[in-house]
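Report on one structure; see the data block that follows.
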2 protein chains.
Amino acid sequence: MSATIRDVAKEANVSVTTVSRVINNQPLVSEETRQRVLDAIDKLGFHPNAVARSLVNKKTHIVGLLIPDISNSFFSEVVRGMEDVASMHDYHVILCNTDQQLLTEARCVEVLREKQVDGLIFMSEQVTPQHESVFESSRLPVVLASTRDEHGRFPAVYVDGLNSSQAAVEHLISLGHTRIACISGPLKDLIAGKPRFDGYRQALAKFDIPFDPKLAQEGDFRFESGYRAMKRILQLPNPPTAVFAGSDEMAAGAINAALDSGLSVPGEISVVGFDNIRLAGMIRPKLTTIAQPMYEMGATAMGMLVEVMAGRVLKKTDVMLPGQLIIRDSTGPRR
Amino acid sequence: MSATIRDVAKEANVSVTTVSRVINNQPLVSEETRQRVLDAIDKLGFHPNAVARSLVNKKTHIVGLLIPDISNSFFSEVVRGMEDVASMHDYHVILCNTDQQLLTEARCVEVLREKQVDGLIFMSEQVTPQHESVFESSRLPVVLASTRDEHGRFPAVYVDGLNSSQAAVEHLISLGHTRIACISGPLKDLIAGKPRFDGYRQALAKFDIPFDPKLAQEGDFRFESGYRAMKRILQLPNPPTAVFAGSDEMAAGAINAALDSGLSVPGEISVVGFDNIRLAGMIRPKLTTIAQPMYEMGATAMGMLVEVMAGRVLKKTDVMLPGQLIIRDSTGPRR
DNA sequence: GGGTCATTTGAAAACGGTTTCAAGTCATTC
DNA sequence: GAATGACTTGAAACCGTTTTCAAATGACCC
């Protein structure tokens, strides 16, 4: 079918060794033979077979990406960062949607390993002991993105949820709000759930505002859960004047719920989100939020994985990126 | 390092042939030896090396995805459909962001081919003769998604932009609007640009509404271009009472521009979009739009590719999916 | 007892590259 | 003119599988 290195060798009247040297730009070939080989390659339209090459090199230059759901804009932005850095280093990425199912995740690791990928990036709300054992028995370099394992066994990149959300809530407090609700993500999520909720409480504590459990609702980061949580909150006898949501989608849901209940935003109730997905600038009012450096997080994670795969040792195995408060139109002074 | 088929053979006291038969579930092995081999595999923690396997099979069970930009929610939704169907058939996908740069696209095709992928799915605004020649010289099965080539040389799946947008505009007309603007995508885009614009004109023509070139603005599908186009339109001496936008993002931009100009939507101006991305249900007012079956488009494209890779011949090489008008809150009767 | 046949098994040749190591060529040196 | 060394080159082993083909085994039949 397609020409092989042997065909080229025959055509150029040299050995396969020499052809191999030429296609790998090794210096030990005379200019004249090199040219002859190049001509033969051209003539036959030869392309080296990366599979054969991988078999002997034991390197595929492919990395696996275990992502909950690529259609979620948070992940797709992160993945873009990963892919850009990967291709910068001549790596390609295999994408796997896991829906955070341990079984799916484990199966993916297994076949990726059979496919001899050079490394793995993992994203998921939790990294359980089962995860750790799956990763360890795969013997592959693994980097965690937007998550981390309890024991810090694997390098990880994530955003500082605690301080970021504290800043978000302090922003609300600085506007005069004292009755502030929180729509958090699942608290068992140790990166995007718990820390953001803790930041909320920490801000309250700092200003001696008592914590009212009724004002704390748990959602799942999605629009609908934000909408429903807000509806519940607004039925309270003594509703809040501001809401901090653990994700932009939930914040958008909350805003819609408020508007549907006839409240103006930020006139009667302020809302602040978390993530700064594209949506945040497109809804009305534009969302005040914490910008997560999603692209950068993906890029950083892939950068670390590349380092590890190159056999170098990481200077920092635990990278915490700062979030940034972006003040737009969904927050205003208490009236 | 990792155990090979030879190690297993030695451990089980059989030949590699027999081991190979066992791991491929071939029937010509006695129950007793099979068990012995299975035990050895277990004991050594053996996993077959897919690279070596691919070398002889000439099948990698990997397909390449050439996508303009995975961080765009339209593409990420499509890709999700592709990946789901791929994994259903035991394929994995390598993701490449091309930014619609011919050079990047060509380079990706080349290295994917070197990596011996079994097929390719391509997305981009245009398929030029250069593209065709790149695909053809790669000798890989190719399926086009949300685009198509002039000569119909490659199987393609896309949404019927002409009839869908005609339906969208007819919806506006049925609400009593006669002065209707159009914010289209680039007209050189033969799938998402031109046809949607043509559908707009066709609807006007059907109801004998004259076409006013001033009401036709060209954008690039993104939010900002919609915003700017709307601002221009609203400065017209005789502004329209409704706008049809070629994408939801542009529609969202248009709505924001209208609100910023003090107009109410849909009270004073109706807006209809195209795509039905998640955003459409999250903005205020919720967007009336044409739902593109994005997931289904990805799934269908991958389904076709799988067929082709299996050596079967496609019943239909040109699949046109219908769009669906979804009436929400951004359109209302002319006042 | 030899021939036939079905059933299991394994040796060896691929697949398309890389790499080790030895050898050949030729100018330079003493 | 032989020894030295720099520079090119190639034969062959190897990477971890699959597959072809032949051989071994044992049951069965006449």
Side-chain angles (χ1 to χ4, degrees), chain A residues 1-38 40-41 44-62 90 110-118 139, chain B residues 1-38 40-41 44-62 90 110-118 139:
Chain A
M1 191 62 185
S2 195
T4 76
I5 199 175
R6 267 169 247 277
D7 300 328
V8 175
K10 201 167 297 172
E11 176 73 28
N13 232 321
V14 294
S15 72
V16 296
T17 314
T18 304
V19 179
S20 173
R21 286 193 180 109
V22 171
I23 61 186
N24 291 296
N25 297 310
Q26 284 172 11
L28 327 96
V29 185
S30 74
E31 204 39 56
E32 188 222 319
T33 17
R34 178 182 304 277
Q35 204 41 251
R36 198 143 39 90
V37 172
L38 255 20
I41 286 176
L44 300 180
F46 166 80
H47 285 271
N49 179 325
V51 169
R53 193 174 263 178
S54 295
L55 184 57
V56 13
N57 287 339
K58 297 178 173 325
K59 290 258 167 287
T60 53
H61 270 251
I62 298 180
D90 286 317
E110 173 157 349
V111 352
L112 287 174
R113 196 223 145 154
E114 287 185 359
K115 285 209 182 319
Q116 313 294 119
V117 298
D118 296 341
R139 295 220 217 75
Chain B
M1 193 62 189
S2 196
T4 77
I5 201 174
R6 261 171 255 278
D7 301 327
V8 175
K10 202 168 298 171
E11 177 73 28
N13 233 318
V14 295
S15 72
V16 295
T17 313
T18 303
V19 178
S20 173
R21 286 192 180 112
V22 171
I23 61 187
N24 292 295
N25 297 311
Q26 285 171 11
L28 327 96
V29 185
S30 74
E31 203 38 58
E32 187 222 323
T33 16
R34 178 183 304 277
Q35 203 41 250
R36 200 145 36 93
V37 171
L38 254 21
I41 287 176
L44 301 180
F46 166 79
H47 285 272
N49 180 324
V51 170
R53 193 174 265 178
S54 296
L55 183 57
V56 12
N57 286 340
K58 296 178 174 328
K59 291 258 167 289
T60 53
H61 269 252
I62 299 179
D90 286 315
E110 174 158 349
V111 352
L112 287 174
R113 196 225 144 151
E114 287 186 358
K115 286 209 182 317
Q116 313 294 122
V117 298
D118 296 341
R139 296 222 215 75

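To find a chain, count down the sequence lines: A is the first, B the second, and so on, and within it residues start at 1. Computed from a prediction, not measured in an experiment: that's the story for all the values here.
A/Gln116 has its CD atom 11 Å from the C1' atom of D/dC15, to the nearest Å. Atom-to-atom, NZ of B/Lys10 to P of D/dG16 comes out at 12 Å; the value is rounded to the nearest Å. Following rounding to the nearest Å, A/Leu44 (CG) and C/dG17 (C1') show an atom-to-atom distance of 16 Å. Rounded to an integer number of Å, the gap from B/Leu28 CG to D/dA23 C1' is 15 Å. One interatomic measurement links the two molecules: CG of B/Asn13 to P of C/dT8, which rounds to 19 Å at whole-angstrom precision. Rounded to a whole Å, the CG atom of B/Asn25 is 16 Å from the P atom of D/dT17. Taking atom CZ of A/Arg21 as the reference point, atom P of D/dA11 lies 12 Å away to the nearest angstrom. The distance from atom CD of A/Glu31 to atom C1' of D/dT8 is 13 Å, rounded to the nearest whole Å.
Here the side chain of A/Gln26 is nearest to one of C/dG16, C/dT19, D/dT17, namely C/dT19. You'll find that the side chain of A/Val56 is closest to C/dT18, out of C/dA11, C/dT18, D/dT9. Of the candidate nucleotides C/dT19, C/dG10, D/dT19, C/dG10 has the atom nearest to the side chain of B/Thr18. Here the side chain of A/Asn24 is nearest to one of C/dT18, C/dT9, D/dG10, namely C/dT18. In the set C/dG16, D/dC15, C/dT9, D/dC15 carries the atom at the smallest distance from any side-chain atom of A/Lys58. In this structure, of C/dT9, D/dA11, C/dT18, it is C/dT18 that holds the atom nearest to the side chain of A/Val16. The side chain of B/Ile23 approaches D/dT18 more closely than any other nucleotide in the set D/dT18, C/dA11, C/dT19.
Scanning atom types as modelled, no donor and acceptor separated by under 3.5 angstrom connect the side chain of A/Arg53 and the base of C/dG16. A donor and an acceptor atom sit less than 3.5 Å apart, one in the side chain of B/Arg6 and one in the base of D/dT17.
Rounding to the nearest 0.5 Å gives a distance of 11.5 Å between CG of A/Asp118 and CG of A/Leu112.
Within 4.0 Å (heavy atoms only), A/Val14 reaches sugar-phosphate atoms of the nucleic acid but no base atom. Contact annotation for B/Val51: no contact, since no heavy-atom pair falls under 4.0 Å across all strands.
Using a 4.0 Å cut-off, no side-chain N or O of B/Thr4 falls inside it from OP1 or OP2 of D/dG16. Remark: A/Thr17 is not in phosphate contact with C/dT19, judged by side-chain N or O atoms under 4.0 Å from OP1 or OP2. Here B/Thr33 does not reach the OP1 or OP2 of C/dT8: none of its side-chain N or O atoms lies under 4.0 Å away. The phosphate of C/dT18 has OP1 or OP2 within less than 4.0 Å of a side-chain N or O from A/Ser20.
Between the side chains of B/Arg53 and B/Thr60, no donor N or O sits under 3.5 Å from an acceptor N or O. Side-chain contact, A/Ser20 with A/Thr17: no donor N or O sits under 3.5 Å from an acceptor N or O.
Between B/Val8 and B/Glu11, every side-chain heavy-atom pair lies at or beyond the 4.5 Å cut-off. In this structure the side chain of A/Gln116 never reaches within 4.5 angstrom of the side chain of A/Lys58, judged on heavy atoms. B/Lys115 is not listed as a side-chain neighbour of A/Val51, based on a closest heavy-atom distance of 4.5 Å or more.
Ranked by how close their nearest DNA chain D nucleotide is to the 5' end, A/Arg36 and B/Leu55 are led by A/Arg36.
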